[in-house]
Engineer: 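This is the structure I have questions about; it appears just below.
Below, chain A is the first sequence line, B the second, and so on; all start at residue 1. Every heavy atom of this structure was used, including side-chain atoms; hydrogens, water molecules and symmetry mates were not.
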There are 2 protein chains.
Amino acid sequence: MLSTAGLLRERHLKVTPQRLAIFHMLSHTNIHPSAEMIYNSLRETHPTMSLATVYKTLDALVKAELVQQINVGEDSFRYDANITSHPHIICTCCHQVFDLEEDALPNLKALVSEKTHFKLSHEQLYFYGVCPDCQGSVH
Amino acid sequence: MLSTAGLLRERHLKVTPQRLAIFHMLSHTNIHPSAEMIYNSLRETHPTMSLATVYKTLDALVKAELVQQINVGEDSFRYDANITSHPHIICTCCHQVFDLEEDALPNLKALVSEKTHFKLSHEQLYFYGVCPDCQGSVH
DNA sequence: ATCATTGCAAATGATTTGCATTCGC
DNA sequence: GCGAATGCAAATCATTTGCAATGAT
């Protein structure tokens with residue numbers, strides 16, 4: 001198991017405090033934050049870090065395949081340190097984004113590639129609905 | 001089978017040439033155009049129509065549930081007159097967006113709602129890969 | 001020492017908005 | 001005629017870019 005610094009070096013990315021902080025934050029959260037959310041959450045510990053750096057860092061991490069960008073249909077992207085192509089489920093009430101285990105669904109890739117003769121690379125699967133918590137609360 | 005004008009009136013939307021043209025174009029294409037693409041394709045026949053009108057019309061049609069907005073991860077939205085929640089498959093080479101028949105996949109909704117106890121409303125399923133045509137062509 | 005990364009400010013580009021004019025009903 | 005829809009221009013907002021200063025190797 002490589003350290004974050006090791007992972008970065010492996011991809012020929014220089015190890016900077018900003019990159020460490022962003023990757024660390026992403027791998028210790030399950031909220032699938034947007035760039036703005038990452039920026040705000042690191043403001044306290046890294047007050048000089050700019051939003052542009054957050055974007056540039058995320059771009060570098062996505063290109064290095066250390067992080068994936070997900071698009072739940074909001075106005076901004078969200079990021080996930082889990083780079084496997086797993087489905088997500090989004091609560092339309094509280095807007096939380098949850099992971100679904102990769103094996104929660106049958107092997108769709110095989111099905112789709114058989115039907116379409118595409119050479120499939122990846123997929124984005126999003127389910128929308130109301131989470132148990134929000135179902136319970138009066139609105 | 002209602003005419004386009006009938007469909008619009010049914011939703012209390014005024015029937016204008018712009019709305020007819022946009023809806024007609026959307027229901028006779030399978031390219032899942034963006035607002036910009038719609039605007040350009042209607043330029044000849046409707047030279048006075050503004051891009052803002054295209055956006056406002058699409059917004060009205062989406063709210064009226066006559067059209068759906070899809071988000072394949074590009075910088076702009078695409079639109080589809082097929083409002084059923086069907087999966088899409090996108091060629092990462094030529095950027096075409098294709099429909100998959102709704103029954104091409106097993107019933108995932110039931111599976112997911114059983115696992116998560118969400119009350120599911122809809123889903124967005126995107127598969128990415130290289131289409132047969134692009135596989136054949138040298139790049 | 002070199003070259004990538006940072007941080008600021010300015011630019012971009014899709015989409016939205018304000019508002020006077022026009023048009024559907 | 002009334003109120004909604006159009007079209008223009010200006011505004012917005014996420015993201016990107018240019019560039020000088022800084023920092024990692």
Engineer: What residues from residues 58-70 of chain B pass a heavy-atom cutoff of under 4.0 Å to DNA chain C?
Structural biologist: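 Heavy-atom contacts with DNA chain C come from no residue of residues 58-70 of chain B; none.
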
Engineer: Within a strict 4.5 Å, meaning less than it, do heavy atoms of the B/Q96 and B/I90 side chains meet?
Structural biologist: no

Engineer: In this structure, which one of B/T29, B/D99, B/V67 forms a side chain to side chain contact (heavy atoms under 4.5 Å, CB included) with B/D80?
Structural biologist: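 Running side chain to side chain contact (heavy atoms under 4.5 Å, CB included) over B/T29, B/D99, B/V67 with B/D80 returns exactly one hit, B/D99.
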
Engineer: So does B/N40 have more than 12 non-hydrogen atoms from other groups sitting under 6.0 Å from CG?
Structural biologist: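 Above 12, so yes.
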
Engineer: Whole angstrom is fine here: how far is it from NE2 in B/H46 over to C1' in D/dA5?
Structural biologist: 14 Å

Engineer: Is any side-chain N or O of A/Y55 closer than 4.0 Å to OP1 or OP2 of D/dT15?
Structural biologist: yes

Engineer: Nearest to the A/P17 side chain among D/dA24, D/dT17, C/dT17, which nucleotide is it?
Structural biologist: D/dA24

Engineer: Please identify which of these residues, A/T53, A/V54, A/L42, meets the side chain to side chain contact (heavy atoms under 4.5 Å, CB included) condition with A/Q18.
Structural biologist: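 That would be A/T53.
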
Engineer: Under 3.5 Å, side chain of A/R11 to main-chain N/O of A/A64, donor-acceptor pair present?
Structural biologist: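 Flag set: sc A/R11 to bb A/A64 pair under 3.5 Å.
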
Engineer: Nearest whole angstrom, please: distance from the P of C/dC3 to the CG of A/L13.
Structural biologist: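 In whole Å, C/dC3 P lies 18 Å from A/L13 CG.
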
Engineer: Please tell me if A/T53 has a side-chain N or O lying less than 4.0 Å from either OP1 or OP2 of C/dG7.
Structural biologist: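 It does, given that an N or O in the side chain of A/T53 lies less than 4.0 Å from OP1 or OP2 of C/dG7.
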
Engineer: Using whole Å, report how far CD of B/E74 lies from C1' of C/dG13.
Structural biologist: 14 Å

Engineer: Would you say a side-chain N or O of A/T48 is under 4.0 Å from OP1 or OP2 of C/dG7?
Structural biologist: yes

Engineer: Give the C-alpha distance, both sets of side-chain angles, the deciding distance and a yes or no for side chain to side chain contact (heavy atoms under 4.5 Å, CB included) between A/T116 and B/F98.
Structural biologist: CA-CA 10 Å; A/T116 63; B/F98 301 91; over 6 Å; no

Engineer: Tell me which nucleotide among C/dC25, D/dT25, D/dG7 gets nearest to the side chain of B/R9.
Structural biologist: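 Given the options C/dC25, D/dT25, D/dG7, the side chain of B/R9 is closest to C/dC25.
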
Engineer: Rounded to whole angstrom units, what separation is found between the CZ atom of A/R19 and the P atom of C/dG7?
Structural biologist: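 Distance check: A/R19 CZ to C/dG7 P gives 11 Å.
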
Engineer: So, for A/Y55 and A/Y39, is the gap between ring centers shorter than 6.0 Å?
Structural biologist: no

Engineer: Is it the case that over 12 heavy atoms from other parts of the model lie below 6.0 angstrom from the NZ atom of A/K119?
Structural biologist: no

Engineer: What parts of residues 20-44 of chain B reach DNA chain D, counting only heavy atoms under 4.0 Å away?
Structural biologist: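 Residues of residues 20-44 of chain B that come under 4.0 Å of DNA chain D do not exist, since none gets that close.
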
Engineer: Atom CG of A/L51 and atom P of D/dC13: how far apart are they, to the nearest Å?
Structural biologist: 14 Å

Engineer: If you check the A/V15 side chain, which of D/dA14, D/dT25, D/dG7 turns out closest?
Structural biologist: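 Selected nucleotide (nearest to the side chain): D/dT25.
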
Engineer: Fit a plane to each ring of B/H86 and B/H32, take the angle between them on a 0 to 90° scale, and name the class: parallel (under 30°), tilted (30 to 60°) or perpendicular (over 60°).
Structural biologist: tilted

Engineer: Which nucleotide, C/dT5, C/dC8, C/dT15, lies nearest any side-chain atom of A/K14?
Structural biologist: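 My answer, after comparing the listed nucleotides, is C/dT5.
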
Engineer: Just to be sure I understand the rule, does B/S76 reach a base, reach only the sugar-phosphate, or reach nothing, if contact means heavy atoms closer than 4.0 Å?
Structural biologist: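 It contacts sugar-phosphate atoms only.
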
Engineer: Under 4.0 Å, heavy atoms only, any strand: does B/T16 hit a base, just the sugar-phosphate, or nothing?
Structural biologist: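 Contact class for B/T16: sugar-phosphate only.
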
Engineer: Taking the side chain of B/K56 as its heavy atoms from C-beta onward, which of C/dG7, D/dG7, C/dT15 lies nearest to it?
Structural biologist: D/dG7

Engineer: OH of B/Y79 to OG1 of B/T57: how many Å apart, nearest 0.5 Å?
Structural biologist: 11.0 Å

Engineer: Does a nitrogen or oxygen in the side chain of A/Q18 sit under 4.0 Å from OP1 or OP2 of D/dG23?
Structural biologist: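 A/Q18 to D/dG23 OP1/OP2: no side-chain N or O under 4.0 Å.
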
Engineer: B/F77 CZ to C/dT15 C1': how many Å, rounded?
Structural biologist: 9 Å

Engineer: Heavy-atom nearest nucleotide on DNA chain C for B/A52 versus A/P47: which residue maps closer to 5'?
Structural biologist: A/P47

